[in-house]
There are 2 protein chains.
Amino acid sequence: MGTNGRFHRDIPEATVARLPLYLRSLISLAGAGDDTVSSAELATSTGVNAAKVRKDLSYLGSFGTRGVGYDVERLIFEMSRQLGLTTERSVVIAGAGNLGQALVKYRGFSDRGFPVAAMIDIDPAKTGSEISGVLVSSPSSLPEVVAANPGCIGIVATPAEVAQAVVDRLVEAGITSILNFAPSLVVVPDFVVLRQVDLALELQVLSFYAERNLAGVAEALHSID
Amino acid sequence: MGTNGRFHRDIPEATVARLPLYLRSLISLAGAGDDTVSSAELATSTGVNAAKVRKDLSYLGSFGTRGVGYDVERLIFEMSRQLGLTTERSVVIAGAGNLGQALVKYRGFSDRGFPVAAMIDIDPAKTGSEISGVLVSSPSSLPEVVAANPGCIGIVATPAEVAQAVVDRLVEAGITSILNFAPSLVVVPDFVVLRQVDLALELQVLSFYAERNLAGVAEALHSID
DNA sequence: TAGTGTGAATTTCTTCACAGCG
DNA sequence: CGCTGTGAAGAAATTCACACTA
């Protein structure tokens with residue numbers, strides 16, 4: 001309600017899902033030396049239409065200058081703040097199978113401010129070893145890991161059958177943000193934030209649109225958009 | 001328009017994104033020997049509310065029986081048909097780096113009907129080798145690969161900088177469905193269906209909700225939902 | 001009677017269009 | 001003049017609630 005602008009409450013979900021998109025673009029603009037950007041430019045560089053860009057940005061406050069555009073650095077700052085990216089948040093990957101190993105080796109997380117602090121696996125053949133410089137620990141060491149990485153995000157990269165049990169242990173150990181890659185429903189207490197990513201589901205959705213060639217309709221960002 | 005039921009046109013996007021969820025659940029129910037299921041049961045097993053389940057299923061046609069529920073096998077059949085899963089669709093992964101290698105080794109795709117037919121990489125040190133039984137070919141062999149796998153889906157697992165160029169080559173080679181894991185905007189012609197999955201973006205969205213602990217609000221299926 | 005199918009109400013998201021300001 | 005910021009219109013998605021029927 002507060003019209004004060006410093007802290008605009010309740011940013012719509014759809015907008016939140018697009019903020020990282022703008023941020024990505026802004027960082028690249030900043031790298032290219034641009035210091036202002038218009039909603040139209042952000043629109044072409046993100047694939048979101050200009051009116052939507054303006055409305056989305058307006059939820060952060062009024063940081064634009066009429067006739068000019070937005071200050072790139074300022075927007076990066078405000079957006080990072082809203083996204084909670086000012087404090088680095090590390091990641092704990094549960095499951096050192098194919099997907100888990102891939103995710104540790106993948107640069108994408110650490111490059112964008114989410115370093116992998118640890119991996120967890122039940123297999124005693126794996127625990128104690130390092131993958132890509134990250135130690136694989138047994139589930140029993142979860143509480144210590146969480147204590148050493150406050151506010152960390154748990155990533156579930158285990159088979160679907162054990163996903164719920166794994167999530168329960170993560171929550172028990174104090175993790176309150178979870179990204180689940182296992183294709184199964186998991187339930188969490190109210191105070192835990194959960195997101196699901198199902199890679200095969202994406203292929204099935206593609207398959208649907210491929211069948212009828214309604215391209216463009218399917219162009220959506222993961223799941224949300 | 002057609003009230004005939006055999007082929008309900010224009011299923012809403014939001015519904016399409018949930019069909020794979022129902023399918024996953026139905027397959028597991030079928031495996032457990034259930035032959036009917038109610039919207040309430042599907043609701044609890046997918047995390048979607050019951051009214052939404054019924055509305056979604058109604059887009060496929062009227063396959064339920066009042067007072068009883070839905071026939072599991074029938075629903076699986078109709079849903080698979082709508083999703084275009086009756087003909088197997090293979091996948092070509094562009095980029096044999098960490099993410100690409102992870103995806104080939106990952107069972108999730110082939111287990112759910114999307115076998116990996118080939119990998120493509122420019123690095124001559126990689127081409128010719130096999131990863132997880134899949135041959136890594138050079139980009140020049142793309143046309144043959146596509147010809148050998150009609151209707152295949154292209155997966156882009158390359159660095160962001162080259163994603164657009166890679167997508168262009170895929171399209172040129174005849175691929176019309178693309179799943180892009182590179183965190184960058186890519187543009188495709190109208191007849192090509194594109195979906196984006198940005199893993200770090202998911203973490204950023206989690207970070208947003210973690211910051212304000214508005215849990216539950218964030219519970220959404222990637223992707224889109 | 002138990003559970004579907006669906007119009008109608010509601011909420012959320014998108015798009016339009018333009019007043020207002022630098 | 002150019003571009004933001006935003007009310008208001010419009011579209012899409014969700015939820016309600018209940019008539020209907022196997």
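Chain letters run A, B, ... following the sequence lines, proteins first, then strands; residues in each count from 1. No hydrogens, no waters, no symmetry mates; every other heavy atom, side chains included, goes into these values.
Side-chain contact annotation: T86(A) with R81(A), donor-acceptor N/O pair under 3.5 Å absent. A donor atom on one side chain and an acceptor atom on the other are not found under 3.5 Å apart for D71(B) and T36(B). In summary, the side chains of S90(B) and N149(B) do present a donor paired with an acceptor at a separation below 3.5 Å, with no hydrogens or angles considered.
If you measure from atom CG of D71(B) to atom P of dG3(C), you get 16 Å, rounded to the nearest angstrom. In this structure, the CZ atom of F63(B) is 13 Å from the C1' atom of dG5(C), given to the nearest Å. The distance from atom CG of L60(B) to atom P of dG5(C) is 10 Å, rounded to the nearest whole Å. Rounding to whole angstrom units, OH of residue Y70(B) and P of dG3(C) are separated by 12 Å. One atom, CG of L57(A), and another, P of dT14(C), lie 14 Å apart when rounded to the nearest Å. Atom CG of D56(B) and atom P of dT14(D) are 7 Å apart (whole Å). If you measure from atom CG of L19(A) to atom P of dC13(C), you get 13 Å, rounded to the nearest angstrom. Computed from coordinates, the I11(B) CD1 to dA13(D) C1' distance equals 15 Å when rounded to whole Å.
Applying the side-chain contact (heavy atoms from CB on, under 4.5 Å) test to S45(A) and every residue at least two apart in sequence or in another chain returns S25(A), L42(A).
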remark   = Once base and sugar-phosphate atoms are separated, protein heavy atoms under 4.0 Å mark nucleotides 15-22 of chain D, 5' to 3', with B, S and - as BBB-BBBB
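What you find for A94(A) and T158(A) is that their closest heavy atoms are O-CG2, 3.4 Å. Between T46(A) and L185(B), the closest heavy-atom pair is O-CD1, 3.6 Å.
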Could you tabulate the donor-acceptor pairs under 3.5 Å formed by side-chain atoms of residues 167-177 of chain A, not counting sequence neighbours?
unit_1, atom_1, unit_2, atom_2, d
D168(A), OD1, Q164(A), NE2, 2.8

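Here S39(B) reaches the OP1 or OP2 of dT4(C): one of its side-chain N or O atoms lies under 4.0 Å away. Between Y59(B) and dA12(D) there is no side-chain polar atom (N or O) within less than 4.0 angstrom of OP1 or OP2.
Legend: salt bridge (Lys or Arg N to Asp or Glu O under 4.0 Å) pairs involving residues 103-112 of chain A, not counting sequence neighbours, sorted by first then second residue: R112(A)-D198(B).
Here the side chain of S80(B) pairs a donor or acceptor atom with the backbone of I76(B) at under 3.5 angstrom. Not a single donor-acceptor pair under 3.5 Å links the side chain of Q82(A) to the backbone N or O of M79(A). Side-chain atoms of S38(A) come within 3.5 Å of backbone N or O of E41(A) as a donor-acceptor pair. Side chain of R89(B) to main chain of F114(B): no donor-acceptor pair is present (N/O by atom type, distance under 3.5 Å, no hydrogens or angles).
Residues from residues 28-36 of chain A with heavy atoms under 4.0 angstrom of DNA chain C: there are none.
An angle of 10°, rounded to 10°, separates the two end axes of the helix from dT1(C)-dA22(D) to dG22(C)-dC1(D), each defined over five pairs.
Listed nucleotides: dG3(C), dT14(C), dA13(D). Nearest to the side chain of P12(B): dA13(D).
Note on T15(A): nothing from the nucleic acid sits closer than 4.0 angstrom, heavy atoms only.
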